[in-house]
Amino acid sequence: EDQVTQSPEALRLQEGESSSLNCSYTVSGLRGLFWYRQDPGKGPEFLFTLYSAGEEKEKERLKATLTKKESFLHITAPKPEDSATYLCAVGGATGKLIFGQGTTLQVKP
Amino acid sequence: EAGVVQSPRYKIIEKKQPVAFWCNPISGHNTLYWYRQNLGQGPELLIRYENEEAVDDSQLPKDRFSAERLKGVDSTLKIQPAELGDSAVYLCASSLGDRGTSSYEQYFGPGTRLTVT
């Protein structure tokens, strides 16, 4: 059964304090691992897709990496506007996305 | 380019009443998804359409939920009758093409927050 677990559930950082969010997964036939950002009262906003182990993608202060068992979302020198819930999802042979429960990030000025 | 449009944004109904949600996907996206998101959880797929065909509705509670996608564009999700446990955010998403691979990025609408009292 495809499964995604994110940790930690919540993370509080000071502005400028770099950290990483973890996404552990098991999937039959990985077709893609997706990172989304979700602000309160809004739908998830697409950030990255990773397709194979060793792949990395960057966008501003965010960098996503992928291994065969997990993905990390690294946040470098975060700002208060980076505060949001970050969702990880895997797409496998079943043809559907399985989401984790998310990590809620709060960045204090 | 306009994103995924959903309406209404909020809905409060009493249990046993019917409710309907509407979604207009991104132009040119032939795959449409309906998800349910409970508080503090990630979205869970209810149904996936390829054009007007429902290709995965295994998670849709068919005794009270129904969906349609006429002409392969807009879609409607209906609940009748609603139960207290149906309170959640209902999200619509679309992608360029799925073909069973889940390899295409999905773009989400703002969701409809349903409260059943």
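In the text below, chain A, chain B and the rest are named by the order of the sequence lines, each starting its count at 1. When reading the values below, keep in mind they use all heavy atoms of this one structure, side chains included, and skip hydrogens, waters and symmetry mates.
Looking only at heavy-atom pairs under 4.5 Å with chain B, the residue among A:Gly102, A:Gly43, A:Pro44 that has the most is A:Pro44. Between chain A and the options B:Pro43, B:Pro110, B:Gly111, B:Gly109, the largest number of non-hydrogen pairs under 4.5 Å is found for B:Pro43.
In this structure, the side chain of B:Ser75 engages the main chain of B:Glu68 through a donor-acceptor pair within 3.5 Å. Using a distance-only test at 3.5 Å, with no hydrogens or angles considered, a donor-acceptor pair links the side chain of B:Arg64 to the main chain of B:Pro81.
With a threshold of 4.5 angstrom between heavy atoms, B:Gln6 does not approach chain A through any atom at all. There is no contact between B:Thr112 and chain A, counting heavy-atom distances below 4.5 Å. Interface remark: B:Glu44 contributes no atoms to any contact with chain A (heavy atom separation under 4.5 Å). There is no contact between A:Glu9 and chain B, counting heavy-atom distances below 4.5 Å.
Under 3.5 Å, the side chains of A:Thr104 and A:Thr85 contain a donor-acceptor pair of N or O atoms. A donor and an acceptor atom, one from each side chain of B:Glu14 and B:Thr117, are nowhere located under 3.5 Å apart.
Scanning both residues, A:Tyr36 and B:Glu105, for their nearest heavy atoms gives OH-C, 4.4 Å.
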